[in-house]
Amino acid sequence: MSFQIKKTSKVYDVCIVGSGAGGGMAAKVLAEAGFSIALMEAGPNFDPANPEQQTQFKWPYESPRRGAGTTRAFGDFDMAYGGWDIDGEPYTTKDGTKFDWFRSRMLGGRTNHWGRISLRFGPLDFKRKDHDGKGDNWPIGYEDVKPYYDKVDKLIGVFGTKENLPNEPNGFFLPPPKPRLHEMYLKKHGEKMGLPVIPARLSILTKRIDNRRGACFYCSQCSRSCSIYGDFSSSSVLVKPALEYENIDLYVNAMVREVLTDESGKASGVAFVNKADMKDYEIKAKVVILAASACGSARILLNSKSSKYPNGLANSSGVVGRYLHDSTGSSRMALIPSLMDRKRYNEDGVGGMHLYVPWWQNDTKNLGFSRGYHIEFWGGMGMPSYGTGMGMEHLNGLVPGADGQMKRAGGFGAGLKNDVRRFYGATVGMSGRGESIPQFNNYCEIDPNVVDKFGIPVLRFHYKWTDDEVKQAKHMQDTFEELLTNMGGIFLGDKPGADTDYGLEAPGRIIHEVGTTRMGDDPKTSVVNRFNQAHDVPNLFVVDGGPFVSQADKNPTWTILALAWRASDYLIDEMKKMNI
Amino acid sequence: MDRRKSLKAMFAGTVTSGFMFTSCLTDTEKSAETTTPVAGDSEEASGYGRTPEEAARDKDLMSTTFFNEHEMITLAIVADIIIPADETSGSATDAKVPEFIEFIVKDMPHYQTPVRGGLRWLDYESKKRFSTEFKEASEEQRLEIIEDIAYPEEVKPELEQGARSFATIRNLVCTGFFTSEIGIKDIGYMGNVPNVWDGVPDDVLKAHGVAYDERILSESIKPEERNEVANWDNYNPEG
Ligand SMILES: Cc1cc2nc3c(=O)[nH]c(=O)nc-3n(C[C@H](O)[C@H](O)[C@H](O)COP(=O)(O)OP(=O)(O)OC[C@H]3O[C@@H](n4cnc5c(N)ncnc54)[C@H](O)[C@@H]3O)c2cc1C
Ligand code: SF4
């Protein structure tokens, strides 16, 4: 069989791999600066306003499975093409590791359906080692990133309130929406316990920020990606405006295998598979920016082997893939009897919680674990979907019926039908999202035995939680129990105990996996420098979550965006100075 | 041939933008609501944003049949025992619940044996008790069996399996009903339309003994300001 790699003669200034949060931001900033750019995306084109792709405003009965998650992990209407498992693109684990890797293959990556929780890291979050002696400090601090957080707030938009909490910095906030009813319960009872129950910080436009994007009209469906661009998706908010420039080419369905290097060891472009014809191509560029998600970029680097780089590219330290860490997570839910038989009104609100609890114990010593967590809430009279009305036998025996008599659990007929109505909107749940301590020994590497359908070697994960994370999950559960009890809650399911690590989710499940190409001043212990530039290869950058030294309890995306912008500004500067 | 251009043309599909330039949620956004296709509006509203692979899978599942006629009749009878019509809304069969279950057992094959077996269990139990299939039994006879398996905490040991599969069928019937157009109206879900959220109605807050405090009232978005473009000139993040 004749086999030929197709090459182009054009040399781009910059080739960006991945169009999620990091890649979208780099594309926007660098296209605006006038560089010629090749933006490579493994998935198809996507625009939430494209009627063929749009799921916003669909009713459950428009799906024959009523929105169930058979083909999309978070349900039919969720805007992620991909999920925990992708046909023909496996990953493996070893040593009994449980690790789940969520991938979205589409323009905008996982930012089309993400939760829009947009939290800055605080000053402490960059320097935790100074306080608890564990892990490592970031080489940069809040003051380095703050100007970029400010710029991201203004460019993309985030609602919230100025709380003047030292480690939950204020920002440029749009006004938040008023709380829902169950959130008022959480506020009332949470505050009695000393929890700060404050407005959530979500990148949703309660107010317009420019003339391109519409203001939110409260359909609660941000996970479906907003057709008027009222929420932040990299596809519509960053890539789309970038594509208005002449100097950028978008390649979709382009799965990058590896970064190519020249004789001097510098990056010279990428090799990729065009999924449409399954043939191999190459793109030449003066600078390569990886933004294929933390593990995706580590995979590309580890697969970019040559005689000069036998351990993979930018990996003289051996830490590519190492220090992989996800947020911790544990949840609990309860039936709140006083929310039964509720008066009906449209309670959709924005696509996410209106209130949350930031970590409130930075000053407490001797908690028995090192780092904090924030609490996210759910509940309310949401759109029915597959699952609504199931499990009534676990609910309707818990409380007296409308006649004051206890009922037998289960049943059928008009009584059961009425029970479903009575319990609608009466359950409330909460989840902790906590900071874990990055470990050298938690990593992804190339599986020596397995390739995907493109013939690209796949990742293998090794990951164990430590005692710190388990004890933190126990603290979450105790807090949840107290709060839900104070609200008069009847718990659904037993309290997770030591046997389940207090409900601590397997790593990867919270989908905040970062750290695989970490930042540092010492090339022996880190992959990139303070500006996301590879120590070993000056014309190579990584702008996804890979460079995180540690991840606060804060969800990562706002920091990915800020650092990607910062790195892009640095790159522009270096290019101007002809340093690259 | 310029390979790059051809690649670009091949990969980058063109899509039109759909953002709206609205002044407030009165005219344009409301009209957007009425033009949003809703299932049932028209026959071709079958699209629900599928990828080509997903659409092909749906088509595939729909081209096969799982339940035979006898099973479908029995399933319909059981479904209407679980969710009958009442003064608020129609029954499970009015909401086409059996058709939903026919699809879902193909979509989620783990349901196939419990549901099919559950229906067989009912037939056998009915034959034992009344010497007739469930669907031929009288209403009274059917209810006698269902009564014995509908309350999991009180089931006689010998009826345990019947209760298990009945619980599975009950789950599917309930969810099929309350996610149908009839069921959503029944449960009183009022969203999925463009609107302006301005908080929980006052009477509801009062009834639940909670109130928006001064800070919430002054800092939350005011409906009339949502279409203004944010201006940061006088905004001080530190203050
Ligand atoms: C359900 C869910 C909820 C979330 N909620 C939040 C939240 O509320 N707040 C928050 O901060 N974060 C949240 N996240 C996490 C957030 O989505 C990620 O942090 C963010 O999207 C990461 O951006 P990224 O640019 O690193 O990667 P991604 O968004 O994953 O984008 C990577 C892109 O690269 C492409 N790609 C990968 N490999 C290749 C290759 N070899 N060649 C070409 N292209 C490639 C992918 O197709 C993808 O488009 C959530 C995630 C999920 C799944
Ligand atoms: S809640 Fe608002 S921002 Fe989110 S999808 Fe609906 S209209 Fe758009």
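Labels below follow one simple rule: chain letters A, B, ... track the order of the sequence lines, proteins then strands, and each chain is numbered from 1. Owing to the predicted nature of the structure, the values given are computational and were not obtained by experimental measurement.
- Residues A:Asn164 and B:Glu238 bring no donor and acceptor atom of their side chains to less than 3.5 Å of each other.
- Counting only heavy atoms from C-beta outward, the side chains of B:Tyr235 and A:Phe173 approach each other to under 4.5 Å.
- At a 4.5 Å heavy-atom cutoff, the contact between B:Asp203 and chain A is made by side-chain atoms alone.
- Of the candidates B:Asp186, B:Thr88, B:Ile187, A:Lys417 forms a side chain to side chain contact (heavy atoms under 4.5 Å, CB included) with just one, namely B:Asp186.
- Contact between A:Leu416 and B:Cys174 at its shortest, heavy atoms only, is CD2-SG, 3.7 Å.
- Both the backbone and the side chain of B:Arg50 come within less than 4.5 Å of a heavy atom in chain A.
- Side-chain atoms of A:Asn211 and B:Val229, non-hydrogen and from C-beta on, do get closer than 4.5 Å to each other.
- The nearest pair of heavy atoms linking A:Pro175 to B:Ser220 is CB-C, 3.9 Å.
- Using a 4.0 Å cut-off between a side-chain N of Lys or Arg and a carboxylate O of Asp or Glu, B:Glu228 and A:Lys207 qualify as a salt bridge.
- For the residue pair B:Asp107 / A:Tyr386, no side-chain donor-acceptor distance below 3.5 Å is found, with atom types taken as modelled.
- Between A:Phe412 and B:Tyr151, the ring planes are tilted. Angles from 30° to 60° get that label.
- The shortest side-chain heavy-atom distance between B:Val200 and A:Tyr345 falls under the 4.5 Å cut-off.
- Residues A:Lys187 and B:Asp213 meet the side-chain proximity criterion, which asks for heavy atoms closer than 4.5 Å.
- A salt bridge is defined here as a Lys NZ or Arg NE, NH1 or NH2 lying under 4.0 Å from an Asp or Glu carboxylate O, and B:Arg164 with A:Glu393 fails to meet this definition.
- Checked by atom type and distance alone, the side chain of B:Asn195 pairs as donor or acceptor with a backbone atom of A:Tyr218 at under 3.5 Å.
- In this structure A:His354 satisfies the ring-ring contact (aromatic ring centres under 6.0 Å, His included) test together with B:Trp197, sequence neighbours excluded.
- With B:Asn171 contributing its side chain and A:Gly391 its backbone, the two residues share a donor-acceptor pair below 3.5 Å.
- In terms of heavy atoms, A:Ala414 sits closest to B:Pro84 at N-CG, 3.5 Å.
- Residue B:Glu181 holds its CD atom at 8.0 Å from CH2 of A:Trp59, rounded to the nearest 0.5 Å.
- In terms of heavy-atom proximity, A:Asn170 sits nearest to B:Pro237 at ND2-O, 2.9 Å.
- A:Leu339 has its side chain within reach of B:His208: a pair of non-hydrogen atoms, C-beta onward, lies under 4.5 Å apart.
- Across all their heavy atoms, A:Pro384 and B:Thr179 have their closest contact at C-CG2, 4.1 Å.
- Heavy-atom distances place no part of B:Ala92 under 4.5 Å from chain A, backbone and side chain included.
- When heavy atoms are compared at a cutoff of 4.5 Å, B:Ala211 approaches chain A solely by way of its backbone atoms N, CA, C and O.
- Among A:Pro169, A:Pro177, A:Cys219, the residue with the largest count of heavy-atom pairs under 4.5 Å with chain B is A:Pro177.
- The backbone N or O of B:Gly176 lies less than 3.5 Å from no partner atom in the side chain of A:Tyr61, so there is not a single donor-acceptor pair.
- Using a cut-off of 4.0 Å between Lys/Arg side-chain N and Asp/Glu carboxylate O, B:Glu219 and A:Lys178 are scored as not salt-bridged.
- Judged by distance alone, with hydrogens and angles left aside, the side-chain atoms of B:Arg170 form no donor-acceptor pair with the main-chain N or O of A:Met390 at under 3.5 Å.
- Within residues 96-106 of chain B, the residues having any heavy atom less than 4.5 Å from a heavy atom of chain A are, in residue-number order, B:Phe100, B:Phe103, B:Ile104.
- In the displayed structure, B:Lys222 atom NZ is contacted under 6.0 Å by more than 12 heavy atoms of other residues, nucleotides or ligands.
- Only the side chain of B:Glu153 comes within contact range of chain A, judged by heavy atoms closer than 4.5 Å.
- Proximity of a side-chain donor or acceptor of B:Tyr48 to a complementary backbone N or O of A:Asp76 within less than 3.5 Å is not detected.
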